[in-house]
2 protein chains.
Amino acid sequence: MASSVSTPRLRRSAPGGETVEHDSRFDRRLTEILACATDVFYEKGYAAASVRDLSRATGMSLAGLYHYFDSKEKLLYLIQKQTFSTILERLRERLEGVTDPEQRVRIFIHNHLEYFLANKKAMKVFSHEADVLTGEAGSQVRAIKREYYRACIALVEDLGRAKGLEWGPAEVRIAVLSLFGMVNWIYTWHNPRTDADAGALSTQMADMFLQGILKRKKRTHKTTQS
Amino acid sequence: MASSVSTPRLRRSAPGGETVEHDSRFDRRLTEILACATDVFYEKGYAAASVRDLSRATGMSLAGLYHYFDSKEKLLYLIQKQTFSTILERLRERLEGVTDPEQRVRIFIHNHLEYFLANKKAMKVFSHEADVLTGEAGSQVRAIKREYYRACIALVEDLGRAKGLEWGPAEVRIAVLSLFGMVNWIYTWHNPRTDADAGALSTQMADMFLQGILKRKKRTHKTTQS
DNA sequence: GCCATATTCGAACGAACGTTCGAATTGTAT
DNA sequence: ATACAATTCGAACGTTCGTTCGAATATGGC
């Protein structure tokens, strides 16, 4: 349970705890490789990126890389898990102590955008290669994602309750998924030199989203649409 | 200029116009193959899908497929170009004669969602493999995309003018790109059996979007955000 | 210095990739 | 039936893929 990201291929580490320096060394190098791999996956996409591309990007030999991970798929898993665990963890920290429902939704959006723009490449790799992973690794990543989704659903439901609005589950679902679309789509267009930063962006998007769901037109729930 | 999708590999067709039946036959088969390829690209992603997967899906031999296209990349080009040309064409038809700015924005959203849900796989392939194509083919596809983006920008600007609202270019840009995010993200979550159809979805999303941009809070244009 | 351990590497493995080619087969008009 | 073009195919091309292995090199405690 020492470091979050390492999963040494062999040996559960020596009985004593004396290899701390070595484990940390291993972890530091692995982190470097993960950062490099994130870049490469971002540029070429996971499937099209080869381990030889990684070798070129890191300056390490092909075989040398495999000292740090079992397979290319495991590498994607490590990136995705670390990325999304972090954003969820930060969200929890920032929500702590804040009780106003509207402010809590704003915090969600701000947290997401800030992390998204600061880790644009990792977040693209996460979003874009969402269902590549299979088996246990895929289940774990999907579980974190579902947790994040549920957290946002809860925030919006709380807001609706506080404002005395009657939203059905379907309406909340669509509103939240629309919000996810808004914020996740950013990696396709955001240019850090010309576009606003996370603060301004999250303010505008939060205004838009909140006005959109709070001042919504009353409609019959029948789906009558010309 | 006969049929929209065919680009025979060789021979510009015989001098006379007597091979009409044959060309149509060729085109019908190619359309089948494009549909199959769309499915396969949708399931596995363009890079991870092999021509052998296509061979399996179509029931045609590996070499036989190459009678219909030059390369795997050209196949992606044909899918993307046809898909997005159609959605743009339909948008133009539907906007014709409608003058109310708000209604025109609603038509944009409805058109997009309807086509998106009816051709979910093709649209995912379009969205997901947006910048795979290079060279001439890539330029063409990007040009159509830019045209579509500009059309939406114009619709929103018209709406703002009609309502007497003072939106800067940056605000319009972010609003439109947020809208694109909302509607394009759908392929990641929409389940036709449990989620609403295009009509109901576009109504809810249009309500949300329009309320969001029309009833927006006044803010100073400085990016002051805690 | 020495030893055990951790790290790195060159070289190679079999498999799968996109694509090609010449022959076999089908379809159509005479 | 014959002839000609359109279509389909089996087999193979050279390349690149993810991964492995055993040997070499660096590292740090004695």
Side-chain angles (χ1 to χ4, degrees), chain A residues 3 6-33 36-37 40-41 44-77 132-134, chain B residues 3 6-33 36-37 40-41 44-77 132-134:
Chain A
S3 56
S6 87
T7 308
R9 304 185 55 194
L10 315 169
R11 76 182 222 87
R12 244 48 197 99
S13 90
E18 65 187 4
T19 49
V20 174
E21 180 65 81
H22 294 165
D23 269 3
S24 133
R25 183 184 161 82
F26 178 92
D27 281 1
R28 256 184 287 119
R29 198 86 168 96
L30 176 56
T31 304
E32 277 178 39
I33 293 172
C36 246
V40 174
F41 289 165
K44 310 192 66 166
Y46 170 74
S50 71
V51 183
R52 282 166 181 85
D53 290 329
L54 285 184
S55 166
R56 220 166 294 129
T58 56
M60 196 179 298
S61 75
L62 202 51
L65 286 173
Y66 277 87
H67 188 250
Y68 291 93
F69 52 85
D70 297 318
S71 66
K72 187 184 160 191
E73 195 171 330
K74 193 83 154 211
L75 200 54
L76 180 61
Y77 163 74
V132 170
L133 294 176
T134 62
Chain B
S3 56
S6 87
T7 309
R9 306 182 55 195
L10 315 168
R11 75 180 223 89
R12 243 46 194 99
S13 88
E18 62 186 4
T19 48
V20 173
E21 180 65 79
H22 295 164
D23 268 5
S24 135
R25 184 184 161 84
F26 178 92
D27 281 3
R28 257 185 285 121
R29 200 85 167 99
L30 176 55
T31 303
E32 276 178 40
I33 293 172
C36 245
V40 173
F41 289 166
K44 310 191 68 168
Y46 170 75
S50 71
V51 184
R52 282 165 180 83
D53 290 329
L54 284 184
S55 166
R56 222 166 292 129
T58 55
M60 197 179 298
S61 76
L62 202 50
L65 286 173
Y66 276 87
H67 188 251
Y68 291 94
F69 51 86
D70 297 319
S71 66
K72 188 185 160 191
E73 196 171 330
K74 193 82 153 213
L75 201 53
L76 179 62
Y77 163 73
V132 169
L133 293 176
T134 62

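Convention: sequence-line order gives letters A, B, ...; per-chain numbering from 1.
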Closest to the A63(B) side chain: dC21(D), dT20(C), dT7(D)? dT20(C)
Check: S50(B) main-chain N/O paired with K44(B) side-chain donor or acceptor under 3.5 Å: no
Which of dA6(D), dT7(C), dG10(C) is nearest the side chain of H67(B)? It is dA6(D)
Polar pairs (N or O, both sides) under 3.5 Å between protein and nucleotides 16-18 of chain D?
{"unit_1": "dC17(D)", "atom_1": "OP1", "unit_2": "S50(A)", "atom_2": "OG", "d": "3.4"}
{"unit_1": "dG18(D)", "atom_1": "OP1", "unit_2": "A49(A)", "atom_2": "O", "d": "3.3"}
{"unit_1": "dG18(D)", "atom_1": "OP1", "unit_2": "K72(A)", "atom_2": "NZ", "d": "2.9"}
{"unit_1": "dG18(D)", "atom_1": "OP2", "unit_2": "V51(A)", "atom_2": "N", "d": "2.8"}
{"unit_1": "dG18(D)", "atom_1": "N7", "unit_2": "R52(A)", "atom_2": "NH1", "d": "2.8"}
{"unit_1": "dG18(D)", "atom_1": "O6", "unit_2": "R52(A)", "atom_2": "NH2", "d": "2.8"}

Atom pair distance, as rounded to whole Å: CZ in F69(B) and P in dT19(C): 8 Å
R56(A): side-chain hydrogen bond (donor to acceptor under 3.5 Å, both in side chains) partners, not counting sequence neighbours: D53(A)
Calculate the interatomic distance between D27(B) atom CG and dT7(D) atom C1'; express it in whole Å. 15 Å
Can you tell me the distance, in whole Å, between the CG atom of L65(A) and the P atom of dG10(C)? 12 Å
Should K72(B) and L54(B) count as side-chain neighbours, where that means a heavy-atom distance under 4.5 Å? no
Polar side-chain atom of T31(A) near backbone of D27(A) as donor-acceptor pair, under 3.5 Å: yes
Can you name the side-chain contact (heavy atoms from CB on, under 4.5 Å) partners of E73(B), sequence neighbours left out? Y46(B), S71(B), L133(B), T134(B)
Rounded to the nearest angstrom, tell me the gap between atom CE in M60(B) and atom P in dA6(D). 17 Å
Would you please name every residue forming a side-chain hydrogen bond (donor to acceptor under 3.5 Å, both in side chains) with R52(A), sequence neighbours left out? none
For atom OH of Y68(B) and atom P of dA6(D), their distance in whole Å: 12 Å
For F26(B) and dA5(D), give me the distance from atom CZ to atom P, rounded to whole Å. 17 Å
